[in-house]
Amino acid sequence: MSDCIFCKIAHGDIPASKIYEDDDVIAFNDIRPAAPVHFLLIPKRHIESMLTTSKEDEALLGKMLALTPVLAREQGLAAGYKTAINTGLAGGQEVFHLHLHVLGTPQQ
Ligand code: 5GP
Ligand code: ZN
């Protein structure tokens, strides 16, 4: 999707504070953090939202969820964190490229 901001981040066309990347996903800090640690985990492939996922996306979605504790620990959130996936206009989604929010405050 040529006009999708997260596709541009995934392809390296616009900068982001990247914390993780592999062939399928990329994670980067949210530009307007709502917590001391707030990063987004997205698939590199353009998927509009959870509402447009299908059975074929199960492995990718499972991988994303399974990555959250790994990345959260690396960001200082070993004691816990929140996740959110805003879905659709009525779900408060603003960027229509699927993304998983991870938020938290590092504990001493
Ligand atoms: P949504 O409401 O769609 O779940 O949240 C979109 C999130 O993307 C917001 O928290 C917003 O701050 C973040 N965001 C929007 N544009 C950019 C950007 O260009 N770079 C980064 N790093 N985050 C962005
Ligand atoms: Zn996209």
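Each residue takes its place number in the sequence, starting with 1. Both counts, for ligands and for their atoms, begin at 1 and track the order of listing.
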The option among L100, L40, L103, D30 carrying the non-hydrogen atom nearest to atom 11 (C) of ligand 1 is D30
Atom name, H46 (N, O or S, nearest to the Zn ion (ligand 2)): ND1
Looking only at non-hydrogen atoms, which of H97, R32, H99 approaches atom 4 (O) of ligand 1 most closely? H99
I'd like the name of whichever of N29, T87, I9 reaches closest to atom 20 (N) of ligand 1 through any heavy atom. I9
Between F6 and ligand 1, find which residue part has any heavy-atom pair under 4.0 Å and reply side chain, backbone, both or neither. side chain
If the contact criterion is a heavy-atom separation under 4.0 Å, does A16 count as touching ligand 1? no
Checking the N or O distance criterion of under 3.5 Å, is ligand 1 in contact with V95? yes
Taking distance alone, with no angle check, do Q93 and ligand 1 share an N/O pair under 3.5 Å? no
Is there a side-chain contact between I42 and I47 in this structure, where contact means two heavy atoms from C-beta onward sitting under 4.5 Å apart? no
Do K44 and D24 sit within salt-bridge range, that is, some charged N less than 4.0 Å from a carboxylate O? no
Going by the rule ring pair (Phe, Tyr, Trp, His ring centres under 6.0 Å), which residues pair with H97 if we only count those two or more places apart in sequence or in a different chain? H46
Salt bridge or not between R45 and D23? Use side-chain N to carboxylate O under 4.0 Å. no
Is L98 linked to V25 within one hydrophobic cluster, defined over Ile, Leu, Val, Met, Phe, Trp and Tyr using a side-chain heavy-atom separation of less than 4.5 Å? yes
In H97, which N, O or S atom comes closest to the Zn ion (ligand 2)? ND1
Check: residues 78-89 side-chain donor-acceptor pairs under 3.5 Å, at least two apart:
unit_1: Y81; atom_1: OH; unit_2: T68; atom_2: OG1; d: 3.0
unit_1: T87; atom_1: OG1; unit_2: I85; atom_2: O; d: 3.1

